[in-house]
Visitor: 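What follows is a single structure, and I will ask about it in a moment.
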Amino acid sequence: MIKSITGTKDILPEDIQRWNFLESIVEKVFASFNYKEIRTPVFEETALFARGIGEATDIVGKEMYTFIDRSETSITLKPEMTASVVRAFVEHSLGTKQPLNKLFYISPMFRQERPQAGRFRQFHQFGAEAIGSNSPLLDAEMIQMAFDIFKLLGLKDVSVKINSLGVPESREKYKELLRNYLFDKKDNLSEDSRMRFEKNILRIFDSKIECDREIMKNAPLLIDYLDEESKNDFEIVKEALTRGNIPFEIDPKLVRGLDYYTKTTFEIVSEKVGSQSALCGGGRYDLLIEQLGGKPTPGVGFAAGIERILLACENEKAFSIPESSIDLYITRLDKELEKFVYDIASYFRRENFIVEIDYLDRSVKAQMREANKLGSRYVLFAGGEEFQNGLLNLKNMADGIQKTFDKNNLEEIKNYLKK
RNA sequence: GUGAGCGUAGCUCAGUUGGUUAGAGCACCAGGUUGUGGCCCUGGGGGUCGUGGGUUCAAUUCCCAUCGCUCACCCCA
């Protein structure tokens, strides 16, 4: 038997209503903040992600689905959306059409990692990007939108974490400080963290290893060494969140794994989804557009993982989807009535009723069982003496009461059903 | 990439200290009313016991390999 590729999942009819519900809320919230949807191709030239996300990141280093196509071009299935959105922004000169572009997306992403709870090789994200303003109110807006979406879904057990990475100059100065702090303690760090010391020193803060944590406990924090501008912006973000009644905590150790972040970064996490607890993450990327060949333009955005959010919703019983049901099931007695039943079903379907009939030539009893299983409000019977006499019986499945109608006057039945 | 656990019916799982035709519940189908649902009753279909090899008179059960799933590490949504 051929099975789906490792780390990919079918979304079956029994699951799809949860997805549709989530997507409808996402679209509603983004619309209320005046974000416009953008769709980009699922694959891009590999160089876009290598340059946009950063060569040194894990995503680029070991997680991308990259292949050479028939024209010898290196192609990569998108592992995240920001680089693609920025590419489209630059390619279509969106910045010249209006100074601020507010964009959102809902899209599959691809990363070749070992699957585990809340992690897949094809997964789905929704997210937003606001390109063209350095206002920290937009940073707050991102968090606000994500938080609103979670709230509308009924999620309660989530927490917002924010941090500021400052601008590159202040960050470099701080990194020097951190290097000095760690220099004589280096040998006591874990092997991974010694690697990070060379490659990306900030990420030593991410380590879950006890000896690293012990050492980092007294390390200087970036947030205490921010430049004035970053510090002010961070204050504005915090104040806006407070006014918006969004509880948050400052996490000076929140260092995100993508290279393009500047100033504000944030995550919203849930304890209800296993060890992959980040439901959404984002931040400001004021240098990325330039780096990808555009004019210097500030930007900020976030991405949220749909599978993880649905998992959190399930574990929290955040919302429930009502059982689906149909309006009318039309049964028949004899096979000769098949075409008649098909035609009157078409009539009611055109009148916007949800209608089902039997295609398996089953007994009336089996048809009734089916109607019941489908939660049909009414059943219309075709067959036997009444039919010979030009009549149809309509049964209300809730109370079992039957009414008789003229089979040539479907409009009368329609009007009755509409009540 | 590393580590651990698990693979028996569509689903959830029993079972075999190696021994005749491998079970249950749910789901599905049919019948109980030769034209009518939900409850109930009766019956039925469906399994190469993940795959390949080994040990044995005999393997679903023991051993090895392999594939898959799950969880965790790394990192992230």
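Quick note on labels: first sequence line is chain A, next is B, and so on, each numbered from 1.
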Visitor: Which ranges of RNA chain B pair up as stems, where a stem means three or more consecutive Watson-Crick or G-U pairs with both distances under 3.5 Å?
Guide: B:1-7 with B:67-73, B:10-13 with B:23-26, B:28-32 with B:40-44, B:50-54 with B:62-66
Visitor: Where does the angle between the aromatic ring planes of A:F30 and A:F302 fall among parallel (under 30°), tilted (30 to 60°) and perpendicular (over 60°)?
Guide: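 Correct class here is tilted.
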Visitor: Does A:V237 offer a backbone N or O that forms a donor-acceptor pair with the side chain of A:D139 under 3.5 Å?
Guide: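 Such a contact is absent between A:D139 side chain and A:V237 backbone.
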Visitor: Show the distances under 3.5 angstrom between N or O atoms of the protein and N or O atoms of nucleotides 26-29 of chain B.
Guide:
unit_1	atom_1	unit_2	atom_2	d
B:rC28	OP1	A:K373	NZ	3.1
B:rC29	OP1	A:R362	NH1	2.9

Visitor: Any side-chain N or O of A:K9 under 4.0 Å from OP1/OP2 of B:rU70?
Guide: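 It does, given that an N or O in the side chain of A:K9 lies less than 4.0 Å from OP1 or OP2 of B:rU70.
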Visitor: For A:E307 and B:rC71, give me the distance from atom CD to atom P, rounded to whole Å.
Guide: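 For the pair A:E307 CD and B:rC71 P, the rounded distance is 13 Å.
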Visitor: Could you tell me whether A:K102 and A:E141 make a salt bridge, using a distance below 4.0 angstrom between a side-chain N and a carboxylate O?
Guide: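 Yes.
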Visitor: Within the modelled atom types, does a donor on one side and an acceptor on the other bring the side chain of A:E386 and the base of B:rG35 under 3.5 Å apart?
Guide: yes
Visitor: Give the rounded distance in Å between these two atoms: CD of A:Q112 and P of B:rA77.
Guide: 18 Å
Visitor: Once you measure the plane-to-plane angle for A:F150 and A:F126, does it fall in the parallel (<30°), tilted (30-60°) or perpendicular (>60°) bin?
Guide: perpendicular
Visitor: Kindly point out which of B:rC73, B:rA77, B:rU36 is positioned nearest to the side chain of A:S275?
Guide: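 Looking only at heavy atoms from C-beta outward on A:S275, the closest nucleotide is B:rC73.
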Visitor: What interatomic distance, in whole Å, is found between P of B:rG10 and the corresponding atom of B:rU55?
Guide: 32 Å
Visitor: Toward the 5' end of RNA chain B, which comes first, A:F123 or A:R114, by nearest nucleotide?
Guide: A:R114
Visitor: Could you state the CD-C1' distance from A:Q276 to B:rA72, rounded to the nearest angstrom?
Guide: 9 Å
Visitor: Counting only distance, no hydrogens or angles, is the base of B:rU36 paired donor-acceptor with the side chain of A:Q402 under 3.5 Å?
Guide: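 Answer yes: a donor N or O sits under 3.5 Å from an acceptor.
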Visitor: Between A:R349 and A:E356 (salt bridge meaning N to carboxylate O under 4.0 Å), is one present in this structure?
Guide: yes
Visitor: C1' atom, B:rU16 versus B:rC49: distance in rounded Å?
Guide: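 Those two atoms are separated by 11 Å.
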Visitor: Is any side-chain nitrogen or oxygen of A:Q116 closer than 4.0 Å to OP1 or OP2 of B:rA72?
Guide: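 Checking B:rA72 against A:Q116, a side-chain N or O does come within under 4.0 Å of OP1 or OP2.
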Visitor: Between B:rU33 atom P and A:M368 atom CE, what is the distance in whole Å?
Guide: 17 Å
Visitor: With respect to the side chain of A:R369, which nucleotide from B:rC71, B:rU36, B:rG32 is positioned closest?
Guide: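 Taking heavy atoms from C-beta onward, the closest nucleotide is B:rG32.
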Visitor: Give a yes/no answer on whether the side chain of A:T6 brings an N or O atom under 4.0 Å of OP1 or OP2 in B:rC69.
Guide: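 Indeed, a polar side-chain atom of A:T6 lies that close.
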Visitor: Does the side-chain ring of A:F381 sit on the six-membered ring of the B:rG35 base, less than 5.5 Å centre to centre and under 30° in tilt?
Guide: no
Visitor: Please give, in whole Å, the distance from B:rC69 P to A:E113 CD?
Guide: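 In whole Å, B:rC69 P lies 15 Å from A:E113 CD.
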Visitor: Sticking with atom P, work out how far B:rA65 lies from B:rC71, rounded to a whole angstrom.
Guide: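 It comes out at 25 Å once rounded to the nearest Å.
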Visitor: Tell me whether A:E176 is salt-bridged to A:R179, with the criterion being a basic N under 4.0 Å from an acidic carboxylate O.
Guide: yes
Visitor: Between B:rU36, B:rG38, B:rC74, spot the one nearest the side chain of A:N372, thanks.
Guide: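 Nearest nucleotide to the side chain: B:rG38.
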Visitor: Could you tell me the separation between the CG atom of A:L333 and the C1' atom of B:rG37, rounded to a whole number of Å?
Guide: 16 Å
Visitor: Centroid separation under 6.0 Å, is that true for the rings of A:F33 and A:F104?
Guide: no
Visitor: Strictly under 6.0 Å, is that where the ring centroids of A:F266 and A:F248 end up?
Guide: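 No, they do not, as the ring centres are separated by 6.0 Å or more.
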Visitor: Which nucleotide sits closest to the side chain of A:R308: B:rG37, B:rA77, B:rG68?
Guide: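 The answer is B:rA77, which lies nearest to the side chain.
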Visitor: Which whole number of Å gives the distance between the P atom of B:rA14 and that of B:rG3?
Guide: 28 Å
Visitor: Looking only at side-chain atoms of A:R119, point me to the closest of B:rA77, B:rG37, B:rG31.
Guide: B:rA77
Visitor: Determine the contact category for A:G274: base if any of its heavy atoms lies under 4.0 Å from a base atom, sugar-phosphate if only primed atoms, P, OP1 or OP2 are that close, otherwise nothing.
Guide: sugar-phosphate
Visitor: Tell me the closest heavy-atom pair linking A:C280 and A:A146, and the distance in Å.
Guide: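 Heavy atoms of A:C280 and A:A146 come nearest at SG-CB, 3.9 Å.
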Visitor: Quick one: is A:S363 getting a side-chain N or O under 4.0 Å of the B:rG31 phosphate, OP1 or OP2?
Guide: yes
Visitor: What contact category does A:G384 fall into here, base, sugar-phosphate, or nothing, at under 4.0 angstrom with non-hydrogen atoms?
Guide: base
Visitor: Of all heavy-atom pairs between A:S164 and A:T264, which one has the smallest distance, and what is that distance?
Guide: OG-N, 4.1 Å
Visitor: Give me the distance, rounded to whole Å, that separates B:rU8 from B:rG52 when you measure between the P atoms they each carry.
Guide: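 To the nearest whole Å, 16 Å.
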Visitor: At under 4.0 Å, does any side-chain N or O of A:Q367 touch on OP1 or OP2 of B:rG37?
Guide: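 Looking at the OP1 and OP2 atoms of B:rG37, neither is under 4.0 Å from any side-chain N or O of A:Q367.
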Visitor: Once you round it to whole Å, what is the distance between C1' of B:rG37 and CG of A:N396?
Guide: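 One finds 12 Å between C1' of B:rG37 and CG of A:N396, rounded.
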Visitor: Considering only NZ, NE, NH1 and NH2 on the basic side and carboxylate oxygens on the acidic side, decide whether A:K78 and A:E44 come within less than 4.0 Å.
Guide: no
Visitor: So if I take every side-chain heavy atom of A:K62 and compare against B:rC74, B:rG37, B:rA77, which nucleotide ends up nearest?
Guide: B:rC74
Visitor: If I pick the C1' atom on B:rC67 and the same atom on B:rC28, what distance separates them, to the nearest angstrom?
Guide: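 Here B:rC28 and B:rC67 have their C1' atoms 30 Å from each other.
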Visitor: Touch check for A:A371, heavy atoms < 4.0 angstrom, all strands: base, sugar-phosphate only, or nothing?
Guide: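 If one applies the 4.0 Å heavy-atom cut-off, A:A371 turns out to touch nothing in the nucleic acid.
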Visitor: Does the cation-pi check pass for A:K407 over A:F387, that is, NZ or CZ under 6.0 Å from the six-membered ring centre and within 45° of its axis?
Guide: yes
Visitor: Considering heavy-atom distances to RNA chain B, does A:G282 or A:M397 have its closest nucleotide positioned more toward the 5' end?
Guide: A:M397
Visitor: I'd like the C1' distance from B:rU60 over to B:rU17, given in whole Å.
Guide: 15 Å
Visitor: Does the ring of A:Y181 carry A:K185 above it, NZ/CZ under 6.0 angstrom from centre and within 45° of its axis?
Guide: yes
Visitor: What is the distance, to the nearest angstrom, from the CG atom on A:L374 to the C1' atom on B:rG37?
Guide: 11 Å
Visitor: With no angle test and no hydrogens, is the base of B:rG32 tied to the side chain of A:K365 by a donor-acceptor pair under 3.5 Å?
Guide: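 Checked by distance alone, the answer is yes.
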Visitor: Given the P atoms of B:rG35 and B:rG44, what is the spacing between them in whole Å?
Guide: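 Straight-line distance between the two P atoms is 25 Å.
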